[in-house]
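So the structure is just underneath, and the comments pick up after that.
Read the numbers this way: they start at 1 and go in the same order the structure lists the ligands and their atoms. These numbers come from a predicted model, not from an experiment.
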Amino acid sequence: MFQKILVANRGEIALRVICACKELGIATVAVYSEADRNSLHVRFADEAVCIGPPRSSESYLNIPQVISAAEITNVDAIHPGYGFLSENANFAKVCEASEITFIGPRPEVIEMMGEKDRARREMKSQGLPTIPGSDGVVEGEEQLAKEADRIGFPLILKAAAGGGGRGMRVVRNKQELLPAYQTARSEAQQAFGTPDVYMEKFLEHPRHIELQVLGDQHGKVIHLGERECSIQRRHQKLVEESPSPAIDAKRRKELGARVVKALEAIGYTNAGTVEFLMDTDGSIYFIEMNTRIQVEHPVTEFVTSVDLVKSQIRIAAGEKMENAVGEMHFTGHSIECRINAEDPETFVPSAGRITTFQAPGGTGVRVDSAAYSGAVIPPYYDSLVAKLIVKGRDRAEAIGRMKRALEMFVIEGIKTSIPLQRRILAHPDFAAGKLDTHFIEKLINTNGK
Ligand code: ADP
């Protein structure tokens, strides 16, 4: 097992990884930017190294700085968390070259899944259904027109290197096609450094369903059930749950078996999430795979009793699946609300000092957060302040528990999305499990009615 791990991240996920290391008896090194001197991940790690100015490009994304910190503190492994360098194949390669274990899949696999059109083709060839779309990247106007004719409208243009809900453009008719293609290409170039885009049929009212997987280094892959993440705003998830009200045990078993087979075929290792869209007729299509731990992993931990981050570490250290994961059984229902520092109506980010932070507790409630009374939310990073996760014996109990936990969560000094989360949880369609990715839009447009 590793002696010491560097956590190349900040905020709640850095703390989450530190918790896992402490429980495994592994020493930790935090890295931090000048804006994060007073952060909890710095306080709770055994050692901490400042890696640069507040801007992430100069600190958390600065590979030479992170690697130097790892070398001077003599760590065996690096956990990248999510975001930042977690899906950067080059970083994983540099770790390997420096003889530091990267806690994640092999660089080639990260690379393959990072090129979304390639991932799509690969998973299709391994037997997973994909949304009808272009055969790879759309090269030029002629192919654009031809493929659009074949696929039909509406369709969606997606940046091949996209992520985080960015770089997507819906096209409703022929007139919009060429201008949308040109804008999508230049936006993709700007945001991701490559103009490549591909095309998919646009599903009007899909549900977002994803499968959590783990693969060990001995060829074994398992799935840990699904999460439903249909409650999104601008393709960013706000509420997640497991299991999905739209998946029954038979479907879970079938889908799980197909995913496991596909991932074993490509030699997938460590934690990952295979994302699908479910159409209104119940058909399920692969859209992409994330090769890292996800923000919403705690709902899976609640319903399976598996510690996913500890499993990641044990797998990276070479342990076999049975040992790394322990016993798994699905029980109950779990929901997570992402509490963001933002205005609940305008969604404008709300950085600043938190004057009061009083988290709820009690049976079946978990709060993953690096916030505290007096902490400052800097403007440089994402706006997640806390994740509120509950477990109930069934969905109805989980909803009731989440409602009371949201009511008892006091965050003052900044604006948060708690009022919006309360409206979501109180909505009859949410209670009925009638979800799709336009839920929030509809909620806002109808003012919650
Ligand atoms: P990212 O890598 O940026 O997260 P994804 O491909 O995972 O992008 O898509 C994010 C979200 O965008 C999905 O959860 C869904 O809401 C929406 N979306 C993506 N593809 C389609 C599609 N073909 N039809 C309808 N909505 C889509």
State which residues pass ring pair (Phe, Tyr, Trp, His ring centres under 6.0 Å) with His438; sequence neighbours excluded, sorted by chain then number.
His205
Aromatic rings His41 and Tyr60: how do their planes relate, parallel, tilted or perpendicular, breaks at 30° and 60°?
tilted
Roughly how far, to the nearest 0.5 Å, is the OG atom of Ser383 from the CD1 atom of Ile377?
9.0 Å
Any ion pair linking Asp248 and Lys253 (charged N to carboxylate O, less than 4.0 Å)?
no
Is it possible for you to check whether Arg120 lies under 6.0 Å from the centre of the six-membered ring of Phe286, through NZ or CZ, and within 45° of that ring's axis?
no
Salt-bridged, Glu241 to Arg395, with N to O below 4.0 Å?
yes
Tabulated below should be the N or O atoms of ligand 1 paired with protein N or O atoms at under 3.5 Å; can you produce that?
unit_1, atom_1, unit_2, atom_2, d
ligand 1, 2 (O), Lys116, NZ, 2.9
ligand 1, 2 (O), Glu288, OE1, 3.0
ligand 1, 2 (O), Glu288, OE2, 2.8
ligand 1, 3 (O), Gly164, N, 3.3
ligand 1, 3 (O), Gly165, N, 2.5
ligand 1, 4 (O), Glu288, OE2, 3.2
ligand 1, 6 (O), Lys116, NZ, 3.0
ligand 1, 6 (O), Lys158, NZ, 3.0
ligand 1, 7 (O), Glu275, OE1, 3.0
ligand 1, 7 (O), Glu288, OE2, 2.7
ligand 1, 8 (O), Lys116, NZ, 3.1
ligand 1, 12 (O), His235, ND1, 3.0
ligand 1, 14 (O), His208, ND1, 2.8
ligand 1, 14 (O), Gln232, NE2, 2.9
ligand 1, 16 (O), Gln232, OE1, 2.8
ligand 1, 20 (N), Lys158, NZ, 2.9
ligand 1, 23 (N), Glu200, OE1, 3.0
ligand 1, 23 (N), Lys201, O, 2.9
ligand 1, 24 (N), Leu203, N, 2.9

